[in-house]
2 protein chains.
Amino acid sequence: MTRRSDPDYRPNLTLRDVSEASGVSEMTVSRVLRNRGEVSEKTRQKVLAAARDLGYVPNKIAGALASNSVNLVGVIIPSLSNMVFPEVMMGISDVLDDTPLQPVVGVTDYDPEKEERVIFEMLSWRPTGLIVAGLEHTDAARKMMQAAGIPIVEIMDVDGSAVDACVGISHERAGRETATEILKRGYRKIGFLGTKMPLDHRARKRFEGFNAVLTEAGLALADEEYYSGGSALAKGREMTQALLSRTKDLDFLYYSNDMIGAGGLLYCLEAGLNVPGDIGMAGFNGVELIEGLPRRLATMDSCRTEIGKAAAQIIASVLDKSAPKPARQIELSPVFAPGDTVR
Amino acid sequence: MTRRSDPDYRPNLTLRDVSEASGVSEMTVSRVLRNRGEVSEKTRQKVLAAARDLGYVPNKIAGALASNSVNLVGVIIPSLSNMVFPEVMMGISDVLDDTPLQPVVGVTDYDPEKEERVIFEMLSWRPTGLIVAGLEHTDAARKMMQAAGIPIVEIMDVDGSAVDACVGISHERAGRETATEILKRGYRKIGFLGTKMPLDHRARKRFEGFNAVLTEAGLALADEEYYSGGSALAKGREMTQALLSRTKDLDFLYYSNDMIGAGGLLYCLEAGLNVPGDIGMAGFNGVELIEGLPRRLATMDSCRTEIGKAAAQIIASVLDKSAPKPARQIELSPVFAPGDTVR
DNA sequence: GAAGGATTTGTTATCGCTAACATAGATTGT
DNA sequence: ACAATCTATGTTAGCGATAACAAATCCTTC
């Protein structure tokens, strides 16, 4: 009576309305609408008809509070501005579509503080599980996740230690393997092109792995170029031109992602360079776009969809107590795809 | 006592725990944590310290139920598989980041029945507002949205009638204007390349607008080609090759999106065709990628980020009762960007 | 046809938090 | 000094659903 005295208070339909319209108790209505418990066919039809007529939409807020269960899965990713994370989302959606669970997305912009806020916000909805990109978090964020008492899946990366479960690839290893392949093919004077993103730990780890192999072989990067913002394809072009004109005789260009790699490839072909004879190129991610380029850029698949699927399965597995428990640490192994841009 | 007798019941921290730890009432704790109402600085500090020590995370489910307000905005889009919708999301996030609101995404896969289910699911969380792509919905979905009593913003399209607010462009007009520009430049034998998606109403409307202008000029499409699935860039290539070898003397190719247009452009350039002299090309969307192509594909910007922003602003405006109310019907006007692929 | 189990429906007590109102202290004005 | 006015805090009563238990109804079966 106090609440409803607010002049702005606009009551929605409740279970009570359906209950009155159909002449049964609220509990029975609840049972019908959730398909839970035994209800006679006659009553069921009566209730469904009443609910439909009224246009009743259940209030999950109340339901979640009463049942202490929320069919939401928090998904926390750094960005939506390239296809990498939407593709992970697709994997997640794909699996969750077969369950009552629904993903809720939060974006951190690669900012640890913002990530912490987003995690806090997510956890305050008491989701069934949380999927978070990366293994690097603030101490507070890590503590919150540990204390949450729900499955937490850290995705994309396995180089580090996870709060709970984790699914991803080793970016350090990806960098190493790419470097190994490149050296094996006889390239020696190598340039690196990447993003200006100190907080993109996965890019950093690839870079470190890559460099480590060069160092072990007694080599070092001949030159580097970084960008931020703008059309990745255009930036790839510009950076490539800048790098090649600054440092002569480079025989390989390693790009931190396929998009700038594609830009670089287009540039080299237009410039009439002999790819992969005089100069080789490789990117990272294995994006679909590569299929349509004049030559297939060498790359390494980052297994985005599989990662999303596996992560979602781990979360979904808590619903089905009888199902076999999936592994809680999953490392996928991307393979180097030489395409047409290495010899 | 009954609930807590469940052996699996794992109680989270509640306001009561913080209240006991800090020696004030639950209500005062609630006030401190929400920055609402007058609380002395001393008490505030005491409460904050207790909450931090315990690692308390509020339960928004309970809060939302008690206060009858939910800081969630439902966003319902057909797909995540191309950058169009993630870019709309970016616009939405951008605006909502300055508010207490948080987006929750649902994906429909262009399926009206699934859309209806997703809308039902969203509304059952009693969000502050709903953003839905497109104007075409099932009757039931439309009825639910009307009855929800929250701002509903239908986005991307304005060719039709909206349930409540709407922000977008006229795809019919976009198609017409593109056709007009093409004819103005003297192209006459035109081929169309698009997606096999009867339920992509916006693509259909562009197609219809485009055709209408041709018809008015006494012309008709010379040939058409459709695809589904796969790398859009690669498909653009393949379709272009197929179309050009099937129908000779085409002098223009109109693509239903930039990605296949880009593939087509790469193909034509490799094939040594004279673009835009002998054959012109145009796409749709104005994606960033275009900047990095060998030539800038003619296109028309679909104003994705602005649409997302405007939609989010409409929803956000209900929070701030003093703020000026934004228009509830917003039509943006994309302009034809000729680039380098029309003469 | 009455006992006894199965099936169907109802009642009660929360879930954790917040709106509204109530009250206790502190402060002020005359 | 005492009523009037603030400030700071507490109390009460839900929000709309569901879990657990209780009661009522329906069949069997002998």
Side-chain angles (χ1 to χ4, degrees), chain A residues 1-20 22-47 50-51 54 56-71 100 123-126 149, chain B residues 1-20 22-47 51 54 56-71 100 123-126:
Chain A
M1 69 184 153
T2 57
R3 196 64 51 84
R4 290 177 185 280
S5 65
D6 181 341
D8 292 2
Y9 188 78
R10 187 197 162 289
N12 263 295
L13 288 171
T14 72
L15 223 39
R16 150 154 260 111
D17 296 295
V18 183
S19 134
E20 283 169 1
S22 57
V24 300
S25 71
E26 299 178 36
M27 196 59 226
T28 300
V29 176
S30 171
R31 281 192 271 250
V32 170
L33 298 179
R34 286 179 302 147
N35 274 310
R36 203 66 56 85
E38 311 293 310
V39 181
S40 74
E41 190 53 29
K42 209 185 75 191
T43 310
R44 150 178 254 78
Q45 292 306 334
K46 208 167 47 178
V47 169
L54 293 171
Y56 172 72
V57 177
N59 185 331
K60 289 224 177 188
I61 301 276
L65 182 63
S67 65
N68 193 36
S69 82
V70 180
N71 65 344
L123 291 180
S124 73
W125 286 102
R126 301 289 188 270
Chain B
M1 76 187 150
T2 55
R3 195 66 50 83
R4 288 176 186 285
S5 66
D6 179 343
D8 291 1
Y9 187 77
R10 186 198 162 289
N12 263 296
L13 289 171
T14 72
L15 269 188
R16 149 155 260 111
D17 297 295
V18 183
S19 137
E20 282 169 1
S22 55
V24 299
S25 72
E26 298 178 37
M27 196 59 226
T28 299
V29 176
S30 170
R31 280 194 271 251
V32 170
L33 297 179
R34 287 179 300 146
N35 273 310
R36 205 65 53 89
E38 311 292 310
V39 181
S40 75
E41 189 53 29
K42 209 183 75 192
T43 310
R44 152 179 251 78
Q45 292 306 334
K46 208 166 48 179
V47 169
L54 293 171
Y56 173 70
V57 176
N59 185 330
K60 289 224 180 191
I61 300 277
L65 182 62
S67 65
N68 193 36
S69 81
V70 179
N71 65 344
L123 291 179
S124 74
W125 286 102
R126 301 288 187 270

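Throughout, a chain's letter reflects where its sequence line sits, starting with A, and its residues are numbered from 1.
If B:R126 and B:G23 are placed on DNA chain D by their nearest nucleotide, the residue sitting closer to the 5' end is B:G23.
Side-chain contact between A:L13 and A:V57 is absent, with no heavy atoms from C-beta onward closer than 4.5 Å. Looking at heavy atoms from C-beta onward, B:I61 lies in side-chain contact with A:V70 at the 4.5 angstrom threshold.
Listed nucleotides D:dG14, D:dA20, D:dT9 differ in distance to B:A66; the shortest reach to its side chain belongs to D:dG14. Here the nucleotide nearest the side chain of B:E26, chosen from C:dC17, D:dT18, C:dA20, is C:dC17.
For the pair A:Y56 and D:dA17, the criterion of a side-chain N or O lying under 4.0 Å from OP1 or OP2 is met. Between D:dT7 and B:S40, no contact under 4.0 Å exists linking OP1 or OP2 to a side-chain N or O. Between B:R34 and C:dT18 there is a side-chain polar atom (N or O) within less than 4.0 angstrom of OP1 or OP2.
For B:R31 against D:dG10, a side-chain-to-base donor-acceptor contact under 3.5 Å is present.
Going from atom CG of B:D17 over to atom C1' of C:dC17 covers 13 Å, rounded to whole Å. Here C:dC17 presents its P atom at 14 Å from CD1 of A:I61, a figure rounded to the nearest Å. Between B:E38 atom CD and C:dA22 atom P the separation is 19 Å, expressed in whole Å. The CZ atom of A:R16 sits 13 Å away from the C1' atom of D:dC15 (whole-angstrom rounding). Counting to the nearest Å, the P atom of D:dG16 and the CG atom of A:L33 are 16 Å from each other. For the pair A:L15 CG and D:dA17 C1', the computed distance is 7 Å after rounding to whole Å. Atom P of nucleotide C:dC15 and atom CG of B:N59 are separated by 12 Å, given to the nearest angstrom. For the pair B:L65 CG and C:dT18 C1', the interatomic distance rounds to 10 Å; values are reported in whole Å.
Between the CD atom in B:E38 and the CZ atom in B:R31 there is a gap of 9.5 Å [rounded to 0.5 Å].
Of the N and O atoms on the side chains of B:R34 and B:S30, at least one donor lies less than 3.5 Å from an acceptor on the other residue.
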